[in-house]
Every structure is written in C-alpha cells, then in structure tokens.
Amino acid sequence: VSALRAGFAGEAFDGASVRLSGEGRLSPKPFTEGGPPLWYAGGRATFERALRDGVPFQARRATPDELAATATEWFDRGGTDLAVRVPFAVESEPAAGDAAFNRVAGPPSYLADQLARYEALGVSDISILPGQDEEASLRTIDALADVAFATGALT
C-alpha cells in the first residue's frame, strides 16, 4: 500500500519487494492529489491495519446491533470514516440479523430506520446489496426511494 501511494504521488519508495525511483508516477494521473482514497475492508486484522495506517475501514456484513461495538471501538481508537456493506431486503416482517446472510430485512419503514441507526453509529458509507435477484433488488430500491422521498431525505 505504501508503494502504491508513493507511485501515485510520484515519490521514491524502497521496500522489501518494490522499488520506485520517484522519477515517474503511475498513470493516468489520479483525480485526487496523492491518489485515489484507499479503504481497507474485512475482519479484525484489517481493522487493526486500517487504524495503524490511518485509513477508513469497511466492516464486514453486520446489522446495526452487530456493528455497534466495532463502531464504538473504531472511533474510540481514533478511526476516521467507517463503512459497512450489507444486504437489505423488503419483506413483510422485520428480520434483522438473519444468521444465514447477516442481512437487514423488513418493511420499507423498518429498512429506513435501520439506515438511520447506521448513521447514528457514525457510519459514513453504506453499501447496500438490495436483493438476491433482479426482482428483489428492484423492489428494495423502489421501496427505499419511496421512503426517502416521503420523509424528505431525497427531493
């Protein structure tokens, strides 16, 4: 990762397996100074590495209840941006924390409440996996958009 950052910045780097002269840079020139934003994603070891390297972290699939302790520790230890990637599904009854999929499922208003809970935890980026197939994905996206427009979250 350090070599990649140096390559984007056009800086010299001398590591165990990578050596860059600093006379050039990776091409094309990145849109953001110093290269694209880097996020680490995964489990405990990656969490620790993200804290060490001062980069944002994306947690594994987790409902708000499952993510709460991780979020608290992340921010207490000086972490910056926190993200999560989680499946959402429109269903007639709430079913948060489905053991098989670590997904959030329920009526549209319930899904909107769960998004608000992620925000309250300090999560700044939520990647929603909106269903297991095209029909479920469209149903979930439409329902979330309807709730967002109804509540004024989207205009």
Side-chain angles (χ1 to χ4, degrees), residues 1-9 25-155:
V1 170
S2 296
L4 182 62
R5 286 182 167 168
F8 277 123
R25 66 181 317 138
L26 294 175
S27 182
K29 182 178 178 182
F31 179 74
T32 54
E33 188 63 33
L38 296 175
W39 288 66
Y40 293 176
R44 186 68 199 189
T46 309
F47 174 96
E48 294 294 336
R49 185 169 288 168
L51 283 170
R52 181 195 70 202
D53 293 349
V55 300
F57 176 69
Q58 179 178 301
R60 291 182 175 170
R61 293 178 174 188
T63 65
D65 287 340
E66 295 164 339
L67 187 62
T70 299
T72 298
E73 181 181 1
W74 175 254
F75 294 115
D76 285 351
R77 292 182 59 194
T80 59
D81 292 317
L82 178 64
V84 67
R85 181 174 186 244
V86 64
F88 267 54
V90 172
E91 293 183 2
S92 59
E93 296 293 324
D98 183 312
F101 299 109
N102 281 5
R103 67 190 183 122
V104 177
S109 60
Y110 177 79
L111 299 181
D113 289 343
Q114 297 307 295
L115 287 172
R117 290 189 59 213
Y118 283 116
E119 182 179 28
L121 291 174
V123 173
S124 58
D125 186 291
I126 302 171
S127 296
I128 296 173
L129 306 171
Q132 299 294 325
D133 55 42
E134 186 174 336
E135 181 182 328
S137 294
L138 290 173
R139 185 174 60 244
T140 301
I141 291 168
D142 286 345
L144 288 172
D146 288 347
V147 169
F149 280 112
T151 62
L154 290 176
T155 56

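Atom set for the values below is all heavy atoms of this structure, side chains included, hydrogens, waters and symmetry mates excluded.
Taking the six-membered ring for Trp and thresholds of 30 and 60 degrees, Tyr118 and Phe88 have ring planes inclined between 30 and 60 degrees apart.
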Worksheet item: Do Gln58 and Ser127 pass the side-chain contact (heavy atoms from CB on, under 4.5 Å) test, and can you show the C-alpha distance, the side-chain angles, and the key distance before you say yes or no?
Response: CA-CA 9 Å; Gln58 179 178 301; Ser127 296; 4.3 Å; yes
Practice prompt. Kindly determine whether Leu67 and Leu121 satisfy side-chain contact (heavy atoms from CB on, under 4.5 Å), including the steps that lead there.
Written response: CA-CA 8 Å; Leu67 187 62; Leu121 291 174; 4.3 Å; yes
Item to complete: Would you check, one step at a time, whether the test side-chain contact (heavy atoms from CB on, under 4.5 Å) holds for Val123 with Ile126?
Response: CA-CA 7 Å; Val123 173; Ile126 302 171; 3.6 Å; yes
Discussion item. Show, in sequence, the C-alpha distance, side-chain angles and deciding distance for Asp125 and Arg85, and conclude whether the salt bridge (charged side-chain N to carboxylate O under 4.0 Å, His left out) test is met.
Written reply: CA-CA 8 Å; Asp125 186 291; Arg85 181 174 186 244; over 6 Å; no
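Judged by distance alone, with hydrogens and angles left aside, the side-chain atoms of Trp39 form no donor-acceptor pair with the main-chain N or O of Val55 at under 3.5 Å.
Aromatic ring centres of Phe47 and Phe57 lie closer together than 6.0 Å.
Here the side chains of Phe8 and Pro36 are in contact, with some heavy-atom distance below 4.5 Å. Between Pro87 and Val104, the closest side-chain pair of non-hydrogen atoms is not below 4.5 Å.
The 12-atom threshold is exceeded at CZ of Arg139, counting heavy atoms of other residues, nucleotides or ligands nearer than 6.0 Å. By the neighbour-count criterion of 12 heavy atoms within 6.0 Å, atom CD of Glu48 is densely surrounded, having more than that number from other residues, nucleotides or ligands. Heavy-atom neighbours of Arg60 CZ from other residues, nucleotides or ligands within 6.0 Å: at or below the threshold of 12.
Looking only at atom types and distance, the side chain of Glu66 has a donor-acceptor partner in the side chain of Thr63 under 3.5 Å away.
Distance CG/Asp146 to OG/Ser109: 12.0 Å, rounded to 0.5 Å. Distance check, rounded to the nearest 0.5 Å: CG of Leu111 to OG1 of Thr140 gives 7.0 Å. Between the CZ atom of Arg52 and the OG1 atom of Thr46 there is a distance of 10.5 Å, given to the nearest 0.5 Å. To the nearest 0.5 Å, atoms CG (Leu115) and CG (Leu144) are separated by 6.0 Å. The CG atom of Leu38 sits 6.0 Å away from the CG atom of Leu4 when rounded to the nearest 0.5 Å.
Nearest heavy atom pair, residue Gly122 against residue Phe75, reads O-CZ, 3.4 Å. A pairwise comparison of heavy atoms in Ala50 and Pro56 identifies CB-O, 4.1 Å as the closest pair. Closest approach of Val1 and Tyr40 over heavy atoms only: CG1-OH, 3.4 Å.
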